[in-house]
Q: 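Dumping the structure here so I can ask a few things about it.
Given the structure is predicted, the values throughout are model-derived calculations rather than measurements.
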Amino acid sequence: MSLLRKKKPPLLGIDISSTSVKLVELSRSGDRYKVESYAVEPLPPNAVVEKNIAETEAVGETISKALKRAKTKNKFCALAVPASAVITKVITMPASLSENDLEVQVQIEADQYIPYSLEEVHLDFEVLGPTEGNPETVDVLLAATRSENVDLRVAAADIAGLTTRVMDIESYAMENAYRIIEPDLSGRVVAIVDVGATMTTINVIADDQLIYTREQPFGGKQLTEEIMRRFGLSYEEAGLAKKEGSLPDNYVPEVLEPFKETMAQQVHRFLQFFYAASQYNTVDQLALAGGCAAIPGIDELIEERVGVPTSIANPFANMSTASRVNQQRLYDDAPSLMIACGLALRSFD
């Protein structure tokens, strides 16, 4: 019995996107998860540009507001860098190496694969397991990113009074959250398409491995800008009217429907890129994440256009919620909270 062993404090999963900070806090009892708190807080314009932090102070203040909104006392967090800012490579190493020798060897190997000097990067590695067909070696996943990508995120969390315990990669956090929705992915190919405000990302999991990630600039901001143009509103007014459904009758046929068609075309293109780059020519399931997944009927339209069963990602569907969490709002926001949820799940590693 370990009555005196201190429990690890849970981590706040904090997703810093181009337009908002999203926070999720989970607890676990047995194999049941519970949402203790969550918040979505908009960022000032241009504080984060294409997922690069441009104004650390502004991001830190937004994290502080998210903490207040979530009413959490937790001081530890897990953050993530975008996959586009990370170089990953699977390398093979002798299985007989001790942990320390492995670390030294990885540093030596990394030098060949990383186009920056090792002083400029944060480097990490994970042993994936024995190499297929060779029990003498193990496959090791190497991940490296420019130090500033990590340091700016840590500094922003610091401003909000948080200590960063884990730095993940967004695509792995997304995969982590999806495993709550569908725990057994062996023998299946699943594409998770995250359509955010300014960026769309596709992550493909095949046979329990994340095998493909790609980002393209496209997102809900284009819909908001079209609303501004069409109805003479400011960006804030357009965003609010879109959320509250207070736009004129011609909005749906003339603005929303064409945007949905464009979104379906984008998803189709993403799948074509994936098929061209891999041995696959079909996927079993498409999961929609990100703010645009909340557009009514978008899953049916995409399923019809791309011919793949399509669902809206909700990692909280089988979780209980604390009384202070607004359940309806959580479910509405769920598709855009995938990365934050995947990060919060790192509490239970």
Q: Flag the pair F273 / Y212 as yes when at least one side-chain heavy-atom distance between them is below 4.5 Å, and no otherwise.
A: yes

Q: Taking everything shown except Q112 itself, do over 12 heavy atoms lie less than 6.0 Å from its CD?
A: yes

Q: What pair of heavy atoms forms the shortest contact from P309 to Q285, and how long is it?
A: O-NE2, 3.4 Å

Q: Nearest 0.5 Å please: distance from the CD atom of E170 over to the CE atom of M174.
A: 8.0 Å

Q: Minimum heavy-atom separation for P315 to A334, with atom names?
A: CD-O, 4.0 Å

Q: Tell me the closest heavy-atom pair linking K51 and S18, and the distance in Å.
A: N-OG, 3.2 Å

Q: Is there a donor in the side chain of T137 and an acceptor in the side chain of T131, or the other way round, less than 3.5 Å apart?
A: yes

Q: Quick check: closest heavy atoms across P335 and I312, and the distance to 0.1 Å?
A: CG-CG2, 3.5 Å

Q: More than 12 foreign heavy atoms under 6.0 Å from CG of D349: is that the case here?
A: yes

Q: Just by distance, with hydrogens left out, do T200 and Q216 show a side-chain donor and acceptor under 3.5 Å apart?
A: no

Q: Considering only NZ, NE, NH1 and NH2 on the basic side and carboxylate oxygens on the acidic side, decide whether E41 and K68 come within less than 4.0 Å.
A: no

Q: Quick check, are the ring centers of F259 and F218 under 6.0 angstrom apart?
A: yes

Q: Please report the closest heavy-atom contact between I87 and P115, naming both atoms and the distance.
A: CD1-CD, 3.4 Å

Q: Quiz question: by atom type and distance under 3.5 Å, do the side chains of D194 and T201 form a donor-acceptor pair?
A: no

Q: Within 45 degrees of the axis of the six-membered ring of Y251 and under 6.0 Å from its centre: does R230 put its NZ or CZ there?
A: no

Q: Does S278 use its side chain to pair, donor to acceptor, with the backbone of Y280 at less than 3.5 Å?
A: yes

Q: Quick one: do the N314 and Y331 side chains pair a donor with an acceptor below 3.5 Å?
A: no

Q: Does a side-chain N-to-carboxylate-O contact under 4.0 Å join R346 and D168?
A: yes

